[in-house]
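As the structure lists them, so they are numbered: ligands from 1, and atoms in each ligand from 1. This is a predicted model, so every value here is computed, not measured.
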Amino acid sequence: MNVGVIGAGYVGLTISAVFAKWGHDVYCVEKEYEKVKDLKAGRIPIYEPGLEELIKETQEKKKLIFTTDLAEAVKACHLLFIAVGTPEGPNGEPNLGFIEQLINELVPLITQPKIIVTKSTVPIGTNESIKNKLIHAGVQSQFITVVSNPEFLREGTAIHDMCHPDKIIIGTDQAEAVKQLKELYKEINAPYLITSVAGAEMIKYAANSFLAMKISFINEIARICDAYHVDVTEVAKGIGMDPRIGSSFLQAGLGYGGSCFPKDLKALEYAAKQKQIDPHLLQATQLINDEQVSLYGQKLKESFPNFPDISIAVWGAAFKPNTDDIRNSQAVKLINLLTRKGCRIHVYDPVASLSLQDVTVHSSMYESIKGRDGLVITTEWEMFHTVDWTLISHWMKGKVVLDCRNFIDPLLLREHGFEYVGVGRP
Ligand code: UDX
């Protein structure tokens with residue numbers, strides 16, 4: 001099948017590469033000429049394991065082309081995926097400017113039936129509004145089918161998540177659109193759920209909100225465990241054995257960041273308030289998450305009588321491992337908090353790059369801890385599991401290690417003479 005993908009960000013690049021891998025002919029449309037030039041040369045602007053190789057491979061097989069020419073893609077493709085950004089607006093309402101712009105550009109190009117599939121996360125009712133705006137602008141209604149097909153890709157595992165989803169949500173009442181999408185997704189072995197358009201839009205927000213809430217739940221439990229000297233990792237393991245709860249997303253720590261959870265919770269909170277509904281749980285989820293940074297800052301302060309006159313190594317800037325993305329990173333928020341208080345901060349991250357005033361960035365993990373009073377682990381990169389703690393204990397001046405991701409075994413650190421500090425980790 002010919003497939004048009006409009007937008008070459010995290011989602012657009014991933015779905016373009018995977019659709020092409022499945023043998024479809026993909027036209028990925030990107031407005032920025034320089035970005036298209038890089039993509040054609042096989043260079044991608046993001047760190048996503050396996051994506052650069054897959055984009056090179058599918059371009060060599062001529063299954064994927066990058067273009068700035070929207071008309072070319074619209075002419076060639078019956079299926080057109082919208083994968084443009086919907087960034088957070090000032091009051092939490094998503095900014096749909098890129099979608100509005102795209103609608104205007106599409107109007108003169110749609111002269112035969114097209115199925116427009118919204119991959120981007122959009123507020124409830126947006127798909128309906130896209131269709132109405134296109135028709136209002138003069139496109140014949142029989143030429144337009146708009147479908148909501150939300151993605152559930154995680155940064156760092158996006159290709160895997162695209163190829164092995166736990167579900168495929170299709171929001172439409174048009175049987176032909178369902179048929180076309182099932183043909184497109186025929187490589188995937190996953191259950192379909194065909195819903196209303198608005199239902200699919202809401203499923204995306206509800207899913208991310210629930211996952212974020214689960215994280216804030218275990219973080220609140222961790223605070224109570226901390227006061228009672230209970231190990232929250234044991235509690236998480238115990239409750240996770242109940243299939244109704246499930247073991248994932250119960251890793252207590254610094255909390256959630258990234259370009260999705262914070263934005264989507266604010267968007268759903270805004271949508272609720274628009275209908276005079278008080279979104280208590282959504283607000284509490286965000287409040288707990290926001291407090292996590294100061295909670296860990298306080299833990300560090302309590303570990304040093306001479307705080308903030310300390311020099312600290314911070315391992316991790318990315319909002320999670322296996323990505324270079326520092327958007328809404330809790331690690332960066334903690335680094336900023338400690339710097340503001342006057343601590344001298346030395347950061348190491350294996351992939352994410354950081355440039356902050358008064359913060360020293362190191363390219364070596366071991367260099368970053370030389371002479372430091374303490375170490376703070378903020379992102380659970382796998383490599384931190386294979387650290388030579390004997391070497392660390394020789395090079396580090398102090399003995400405090402604050403584990404913000406419950407990632408290191410306290411016994412291992414204590415055996416090496418370190419003082420392990422965590423929340424809910426006695
Ligand atoms: C998320 C959703 O998982 C994905 O389905 C959606 O499509 C996009 O948003 P992503 O933001 O890439 O994906 O990362 P995810 O792995 O969900 O982690 C989100 C944040 O939660 C990270 O900051 C991570 O450190 C944190 N987290 C995750 C926890 O603090 N504890 C956990 O147990 C799990």
Side-chain angles (χ1 to χ4, degrees), residues 9-12 14-15 46-49 51 83 85-86 88 119-122 149-162 164-169 190 200-201 203-222 232-233 235-237 239-240 245-268 285-286 288-293 295-296 315-334 349 352 377-382 384 403-407 422-424:
Y10 271 100
V11 173
T14 302
I15 65 173
I46 58 173
Y47 175 91
E48 181 61 44
L51 186 57
T86 54
E88 185 184 321
K119 256 306 172 194
S120 304
T121 304
V122 293
N149 175 222
E151 50 78 22
F152 301 91
L153 308 180
R154 293 165 295 172
E155 289 184 30
T157 56
I159 293 175
H160 171 273
D161 294 346
M162 178 75 185
H164 307 286
D166 46 44
K167 62 194 174 297
I168 298 173
I169 305 287
E201 292 165 335
I203 285 168
K204 173 67 184 176
Y205 280 112
N208 274 2
S209 299
F210 186 87
L211 292 168
M213 183 189 70
K214 204 172 173 184
I215 292 165
S216 285
F217 168 78
I218 199 63
N219 280 334
E220 183 154 86
I221 294 296
V232 68
T233 59
V235 174
K237 212 172 283 170
I239 64 173
I245 297 174
S247 58
S248 60
F249 279 68
L250 286 175
Q251 184 192 347
L254 206 44
Y256 62 79
S259 64
C260 297
F261 284 177
K263 167 177 73 78
D264 291 353
L265 265 88
K266 284 199 177 75
L268 194 54
T285 297
Q286 296 172 84
I288 291 168
N289 199 59
D290 292 344
E291 291 175 343
Q292 289 303 101
V293 173
L295 173 67
Y296 277 91
W315 285 357
F319 84 94
K320 63 182 267 194
N322 302 318
T323 180
D324 65 348
D325 198 346
I326 60 170
R327 288 176 290 180
N328 298 306
S329 165
Q330 296 283 82
V332 173
K333 289 178 185 170
L334 181 58
D349 188 292
I377 299 174
T378 44
T379 307
E380 66 280 24
W381 285 97
E382 195 49 40
F384 300 155
D403 180 0
C404 301
R405 292 293 177 183
N406 296 341
F407 187 61
V423 173

Discussion item. Tell me whether Ser329 contacts the main-chain N or O of Val332 through its side chain, where contact means a donor paired with an acceptor under 3.5 Å.
Written reply: yes
Ligand 1 to Cys260, heavy atom cutoff 4.0 Å, flagged ligand atoms 8 (C), 9 (O)
- request: For Gly257 and ligand 1, answer yes if some heavy atom of the residue is under 4.0 Å from a ligand atom, otherwise no.
  value: yes
Exercise. Are the side chain of Ser216 and the backbone N or O of Thr285 linked by a donor-acceptor pair below 3.5 Å?
Worked result: yes
re atom 31 (N) of ligand 1, the protein heavy-atom contact at minimum distance is Gln251 O, 3.1 Å
Per-atom filter on ligand 1: closer than 4.0 angstrom to a heavy atom of Gly255 are 23 (O), 30 (O)
When distances are taken from atom 5 (O) of ligand 1, the protein heavy atom at minimum range is Phe152 O, 3.3 Å
For Ile215, the atoms of ligand 1 under 4.0 Å from one of its heavy atoms are 21 (O), 26 (C), 27 (N), 28 (C), 29 (C), 30 (O), 31 (N), 32 (C), 34 (C)
closest protein heavy atom to atom 19 (C) of ligand 1 is Phe261 CE1, 3.6 Å
The option among Glu380, Lys320, Arg405 carrying the non-hydrogen atom nearest to atom 18 (O) of ligand 1 is Lys320
Exceeds 12 heavy-atom contacts within 6.0 angstrom, atom CZ of Phe384: yes
*Are Glu88 and Arg327 ion-paired here, with the side-chain N under 4.0 Å from a carboxylate O?*
no
Got a donor-acceptor contact below 3.5 angstrom from the Lys320 side chain to the Glu155 backbone? yes
| message | Side chains of Asn149 and Lys119, heavy atoms from C-beta outward: is any pair under 4.5 Å? | response | yes
Output for pair (Asn289 CG, Lys333 NZ), nearest 0.5 Å, gives 6.5 Å
the protein heavy atom lying closest to atom 25 (O) of ligand 1 turns out to be Phe319 O, 3.4 Å
inquiry  = Please determine whether a side-chain nitrogen of the Lys or Arg among Lys204 and Glu151 lies less than 4.0 Å from a carboxylate oxygen of the Asp or Glu.
reply    = yes
- prompt: Can a non-hydrogen atom of Lys214 be found less than 4.0 Å from any atom of ligand 1?
  reply: no
Contacts of Lys237 meeting side chain to side chain contact (heavy atoms under 4.5 Å, CB included) (sequence neighbours excluded), chain-then-number -> none
Looking only at protein heavy atoms, what sits closest to atom 20 (C) of ligand 1 is Tyr256 CB, 3.6 Å
_If we ignore hydrogens and angles and just use 3.5 Å, is the side chain of Lys214 paired with the main-chain N or O of Ile245 as donor and acceptor?_
yes
**Request:** Return yes or no for this condition: an N or O of Gly258 is under 3.5 Å from an N or O of ligand 1.
**Result:** no
Closest to atom 3 (O) of ligand 1 among protein heavy atoms sits Arg154 CG, 3.3 Å
Restricting to heavy atoms, the pick from Glu151, Glu155, Lys263 nearest atom 12 (O) of ligand 1 would be Glu155
When distances are taken from atom 4 (C) of ligand 1, the protein heavy atom at minimum range is Leu153 O, 3.5 Å
One finds that the ligand 1 atoms under 4.0 Å from a non-hydrogen atom of Lys204 are 6 (C), 7 (O)
Here the atoms of ligand 1 under 4.0 Å from any heavy atom belonging to Leu250 are 33 (O)
Taken to the nearest 0.5 Å, the spacing of Glu48 CD from Tyr10 OH works out to 7.0 Å
shortest atom 34 (C) of ligand 1-to-protein heavy-atom contact is with Phe249 CD2, 3.7 Å
